[in-house]
2 protein chains.
Amino acid sequence: MRISELVERTGVPLATLKYYLREGLLPSGEATSATRAAYGETHVRRVAVIRALTETVGLSVQKTRDVLQLIDHPEEDLVGMLGKAIEALPPNVTPDARADYPRARAVLEKLGQVYEPRFAAVAQLEHALAAAEAAGIPLDDERLAVYGPHIRAIAEFDVRNVPREPAAAVEYAVLGTAVHEPVLVALRRLAHQDLASRRLGPGRDATKSPRGKPPKAPSATKGRSWKKD
Amino acid sequence: MRISELVERTGVPLATLKYYLREGLLPSGEATSATRAAYGETHVRRVAVIRALTETVGLSVQKTRDVLQLIDHPEEDLVGMLGKAIEALPPNVTPDARADYPRARAVLEKLGQVYEPRFAAVAQLEHALAAAEAAGIPLDDERLAVYGPHIRAIAEFDVRNVPREPAAAVEYAVLGTAVHEPVLVALRRLAHQDLASRRLGPGRDATKSPRGKPPKAPSATKGRSWKKD
DNA sequence: TGAGCTTGGATAGTCATGGTATCCAATATT
DNA sequence: AATATTGGATACCATGACTATCCAAGCTCA
């Protein structure tokens, strides 16, 4: 297909596609002549991934390019790739191997995981913990005892499902880490709303302005029983 | 204290503090004279919260102001406040009550939660699910069956710990939702790295450059027993 | 008292991002 | 041949988050 069709298929303006081309996010189509190139389904998919990474995950165009290059040039070392990908993900904190991340270290020790200051995620965790502290809601032991195992279980599922084929594994690891984060975050927010509205009782309005029927009582929800504190 | 001291205490440049003042993120100190004002600990804390929200959570200055105003003017309706807060959080998708969010609806039905298109989080979830799909890693039933309950459990803990006092509850709900997200995300990334390095076997190097002894089994951690699901 | 420093308040400038818009010349297409 | 579409290059623009200056009205301390 020609680039004009790519515009139609993806809904992304021509000028923007050219921009992605320039920035190296999107490989140029196969040149069929001096002034013409053919694009394929891979390009359609690539554009979708670019938008997912930039719009939903919130990566900058530069970081998106880094991540895509990781996928395009997979190395055998999955763990190393994963590390590099995580480094590209927000929040953009650059790890300093010689720095000390006391909060992160304490947390990791409690979780029985290795504290490795070269991991970008350690610096990210430190940052996040400091922010929580600053906001007046530190991650105390009790909360960590809840968050830790559940997050670990989620991560175990993720890792269990890594494809065997190396290239696919890299793509899964890199994209999966990034792309499921917003899903998890949204699910938590929705669970908050669901629980809060049930807790504060049906009968009161569930939303700010719209007058919506408050979600019906906690009744039967998959047989789950939510004890209310 | 004078503003120059606030600069020292927070490490934020004067020009930036003035910017926050202008934008209404930071209340001005109590005027002691025509050209002098006194700042207190509340200001120090406020600046910390501003940085946490902008740097770590990734809010824009505008959205940060919205969130802070929510906290400063708490209403009794906690659920409504929570909804407004979530609306200010990234990704910035504005919910359309008349729109249909098919992916989000399907997920919520499977989870036994109410589908309410006015909730911003529903639109956010739809967005995230579409992005995951575009990236080639859709949230299939199996994954949802794992993510859902664990996230729910986390959210239950969060809701269980809402303070009783209304103003404190609003602050906890609004800040807690936002501020713990980066923590959860960082924990998942670290769990990925931990699991991946264990999986690809000790014996192989755990990171690209650093040589880290693979963590010992999750066994006993501080005598605390967190049952793993 | 007065020289110099610190403020608050206002205004303008800067830098990075993430696009948009144009122009052009070389083809395709009809 | 006439018209439309490309690729490639270049220039332009809007937003956001600061950052820098200016100024005049106080403080402060010798």
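Within every chain, numbering begins at 1; the chains are lettered A, B, ... in the order of the sequence lines, protein sequences first and strands thereafter.
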Touch class at under 4.0 angstrom, heavy-atom based, for S60(A) against every strand present: sugar-phosphate
Look at all strands and tell whether A31(B) reaches a base, only sugar-phosphate, or nothing, counting heavy atoms closer than 4.0 Å. nothing
Look at the side chain of V61(A) and decide which nucleotide, out of dA17(D), dT6(C), dG18(C), has an atom nearest to it. dG18(C)
At under 4.0 Å, does any side-chain N or O of T54(B) touch on OP1 or OP2 of dA17(D)? no
Euclidean distance, atom [atom1] of residue [X] to atom [atom2] of [N] [Å, nearest integer]:
X	N	atom1	atom2	value
N92(B)	dT15(D)	CG	P	16 Å
L14(A)	dG8(D)	CG	P	12 Å
R65(B)	dG16(D)	CZ	P	11 Å
E23(A)	dT20(C)	CD	C1'	14 Å
R2(B)	dT28(D)	CZ	C1'	10 Å

Locate the shortest heavy-atom distance separating P95(B) from F119(B); write the atom from each residue and the value. CB-O, 3.9 Å
Are the aromatic ring centres of F157(B) and H150(A) under 6.0 angstrom apart? no
Ring centroid separation Y101(A) to H127(A) under 6.0 Å: no
